[in-house]
Protein chains: 2
Amino acid sequence: MTARRGGGPTMHDVGKLAQVSAMTVSRVLKNDPGVSQATRERVFAAVDQLGYRRNETARSLRLGGSGMIGLVVTNLANPFYSRLALGVQEVATEYGFRVVLSNSAEQVEKEPGLVDGLIDHQVEGLIVVPAGSRQKHLADAMRHVPVVLAARPPAGLDTDCVLVEDFHGAREATASLLAEGHTRIAFLGNPPALYTGTERLRGFWAAHEEAGVEPDNTLIRQGLVDAATAEQAAAELLDRADGPTALFCTNNRISHGAIRALHKAGTTIPLAGFDDFELSDVLGLPLTLVSYDADEIGRQAARLLIDRLDQRDGQPPAARRVTVPTRVIRHGPPSAGPGAGPRPLA
Amino acid sequence: MTARRGGGPTMHDVGKLAQVSAMTVSRVLKNDPGVSQATRERVFAAVDQLGYRRNETARSLRLGGSGMIGLVVTNLANPFYSRLALGVQEVATEYGFRVVLSNSAEQVEKEPGLVDGLIDHQVEGLIVVPAGSRQKHLADAMRHVPVVLAARPPAGLDTDCVLVEDFHGAREATASLLAEGHTRIAFLGNPPALYTGTERLRGFWAAHEEAGVEPDNTLIRQGLVDAATAEQAAAELLDRADGPTALFCTNNRISHGAIRALHKAGTTIPLAGFDDFELSDVLGLPLTLVSYDADEIGRQAARLLIDRLDQRDGQPPAARRVTVPTRVIRHGPPSAGPGAGPRPLA
DNA sequence: CTGTTAGCGCTTTCAA
DNA sequence: TTGAAAGCGCTAACAG
């Protein structure tokens, strides 16, 4: 077992050196106006000399609040989450809160433990991007602190959330493919248990209905969890004689897998999908991407949470739902339309 | 100002319900063997009923150790840092430590504040990827807790660090370009104040010397801080009549900028650089990338730190330096060599 | 303007 | 096997 360190100087030590009580040191450090300038200076001198740092742990205990909010995400390596984290941090800092980040590293089953851990460490609130569809651990968490969901709606919980225009974005991007004349568009999606998955499928479907095109069910693949599974699914579809003339991908990792499949097959067909990504514009592929501001999701979530913290004494406000807009981006060569069929790469 | 929450049930409350003292509750929760089975069960029942969670803040205060280590990075959106963070977390968890992540969001001047904040929150040790070359704040930090540096060496500090084979990797990648006959290779690098910058330039230079090629100083651009500045620098070089026949980039963001410049110029020449990146293999560009395991940097750093924490009572060990190996990866079409000159894109 | 007292929730130590 | 007392470092509330 690892030894724990005892500790450095305390306010008492500082006080002794500055010839005042610990209480006065506390006042000086808190910028309490009721301290003479002379004393103030002596205290600061003592602080410097001892290299004293106030113990926030003791402070939290005494004050009954840690000044921390917890953020739980699945995968920081995905820019979506790291941008979201930046947004949370930006707003939290502004309001004097510190953010403690927890990363479930793609393991859904770790999420409840992370949430509990954060609560044990006295975070005053939580922002969570739930990895799975089970939210019981979040209901438990809500017994202790306010919880705000990001990018996923609550399932049986009465709390705030920040969502992307999933339906709208998917419909718009799909419609753009349909407008180019594509009628055989493959859908590559994450597990239907995820809200974003079903919602984006709904948008995909709605665009078809509006265009009077019947979607081909055999071109719909859900349950893709990462770039590798997406690549395989895409490869299988591309291999079919009656394969798709365009692809729709529900997130950046799935797009990556699909792009890799296209590359390996040595062909290309138009691809639409959620999430813009780095270098998407230099791939030279016909891409239609649904882009949105992940930072903004984080900022909004932080605002909702802090607002709830401010209201802690009064009536808890009714659950709110904030939506972050999407916009469609076009990259690469203009689509040749479905007639051209799969195009060999240059 | 934000109200602070009072608090949920305490051990005292649990004890009252289970008809034991708080002390016994503490023992049960700690798995202390000296408690009767019957009592144990009553306590657990009370814990469940109240939804009790042990207050880690109070615990830390009493124990004189928080069980947390701090990690400071500049930019979580860069996969290098998020992978590193994963590695740290992996090892820390294994040893029962929690990781508190702090992100300076590219603002070098925020780093000292983050470090101080973590110390105030009683982290038992720190892992830092220093953003700049000034390390005075780290010297201050070392007065309180052990500090391990990742990806940068200490400058005037006596402490452990984990480094990449910067020199070796740069030399090897450059050598591969030289072997293809290139003699006019541009160097696009980050500010020389950063260790990785100068070290990678040294490798670049050494490869030239070994090949008997005189590097052209006018092709060397240092001080590039992001993709945008790199893009501009690359564009300027490509625009010259006596421009380079190949590029060397010192990190992923600079590579991204250079690739975009190539794309906009509508030409391509071989590019070598540090850091592999997503979709590098489907760009269809002749790339020579120096790849390494960022997770492993994090893991090693965590090991060094935890080892130091274990030795806290005894003699502090001498500063150690661990190196993580690099390997060179080739992507895209075989280089046509310098004779071919800039090649129009397909 | 400054100090004393008490206690945040927990655990170590000592006693029963 | 269990409990009482003391105190980790800090600060609100009350003196002086």
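In the text below, chain A, chain B and the rest are named by the order of the sequence lines, each starting its count at 1.
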#### Entry: For the student: nearest non-hydrogen atoms of A46(B) and A18(B), plus distance
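Heavy atoms only, the tightest pair is CB-CB, 4.0 Å.
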
### Message
On a heavy-atom basis, which atom in A151(A) and which in T196(A) lie closest, and how many Å separate them?
### Response
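Distance-wise, the nearest heavy atoms are O-CG2, 3.6 Å.
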
For [X] and [N], what is the distance between atoms [atom1] and [atom2] respectively, to the nearest whole Å?
{"X": "K16(B)", "N": "dC10(C)", "atom1": "NZ", "atom2": "P", "answer": "13 Å"}
{"X": "Q37(B)", "N": "dT1(D)", "atom1": "CD", "atom2": "P", "answer": "11 Å"}
{"X": "E56(A)", "N": "dC8(C)", "atom1": "CD", "atom2": "C1'", "answer": "15 Å"}
{"X": "Q122(B)", "N": "dG9(D)", "atom1": "CD", "atom2": "P", "answer": "9 Å"}
{"X": "N55(B)", "N": "dT11(C)", "atom1": "CG", "atom2": "C1'", "answer": "13 Å"}
{"X": "D32(B)", "N": "dT1(D)", "atom1": "CG", "atom2": "C1'", "answer": "10 Å"}
{"X": "H12(A)", "N": "dT4(C)", "atom1": "NE2", "atom2": "P", "answer": "9 Å"}
{"X": "Q19(A)", "N": "dC1(C)", "atom1": "CD", "atom2": "C1'", "answer": "16 Å"}

Pairwise N/O distances under 3.5 Å, protein to nucleotides 12-16 of chain C:
{"unit_1": "dT12(C)", "atom_1": "OP2", "unit_2": "K30(B)", "atom_2": "NZ", "d": "3.2"}
{"unit_1": "dT12(C)", "atom_1": "O4'", "unit_2": "R62(B)", "atom_2": "NH2", "d": "3.4"}

### Task
Would you mind telling me which of E56(A), H121(A), R98(A) makes a side chain to side chain donor-acceptor pair (under 3.5 Å) with H121(B)?
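The single option meeting the side chain to side chain donor-acceptor pair (under 3.5 Å) with H121(B) is R98(A).
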
### S60(B) vs dC10(C): side-chain N/O to OP1/OP2 distance below 4.0 Å
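Checking dC10(C) against S60(B), no side-chain N or O comes under 4.0 Å of OP1 or OP2.
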
### Query
Under 4.0 Å: is that the gap between some side-chain N or O of R59(B) and OP1 or OP2 of dT11(C)?
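Looking at the OP1 and OP2 atoms of dT11(C), one of them is under 4.0 Å from a side-chain N or O of R59(B).
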
#### Entry: Candidate list L114(A), L305(A), L71(A), I119(A), test side-chain contact (heavy atoms from CB on, under 4.5 Å), partner L126(A), passing option
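Result: among L114(A), L305(A), L71(A), I119(A), I119(A) is the only option passing the side-chain contact (heavy atoms from CB on, under 4.5 Å) with L126(A).
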
### Query
Between the side chains of Q311(A) and Q315(A), is a donor N or O closer than 3.5 angstrom to an acceptor N or O?
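Not at all, the side chains of Q311(A) and Q315(A) share no donor-acceptor pair under 3.5 Å.
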
### Task
State whether a side-chain donor-acceptor pair under 3.5 Å links S60(A) with T57(A).
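On atom types as modelled, these side chains do not qualify, holding no pair under 3.5 Å.
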
### Query
Using a cut-off of 4.0 Å on non-hydrogen atoms, how would the nucleic acid contact of T39(B) be classed: base, sugar-phosphate, or nothing?
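Answer is sugar-phosphate: T39(B) comes under 4.0 Å of backbone atoms only.
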
### Message
On DNA chain D, does the nearest nucleotide to T24(B) precede the nearest nucleotide to A58(B) from the 5' side, or the other way round? Give the residue.
### Response
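Comparing both residues, the 5'-ward one is T24(B).
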
### Query
In terms of the nearest nucleotide of DNA chain D, which residue is placed more toward the 5' end: L61(B) or S21(B)?
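On the 5' side of the pair lies S21(B).
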
### Task
Take the C1' atoms of the five end pairs on each side of the helix from dC1(C)-dG16(D) to dA16(C)-dT1(D), get both axes, and report the angle to 10 degrees.
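For the helix from dC1(C)-dG16(D) to dA16(C)-dT1(D), the axes at opposite ends meet at about 40°.
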
### Message
Rounded to the nearest 0.5 Å, what separates atom CD1 in I306(A) from atom CD in E124(A)?
### Response
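I306(A) CD1 to E124(A) CD: 10.0 Å, rounded to 0.5 Å.
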
### Query
Are I69(B) and L309(B) close enough that some pair of their side-chain heavy atoms sits under 4.5 Å apart?
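Sidechains of L309(B) and I69(B): in contact.
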
### Query
Does the side chain of R152(A) reach to within under 4.5 Å of the side chain of C161(A), using non-hydrogen atoms?
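The answer is no, as the side chains (C-beta and beyond) never meet within the 4.5 Å cut-off.
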
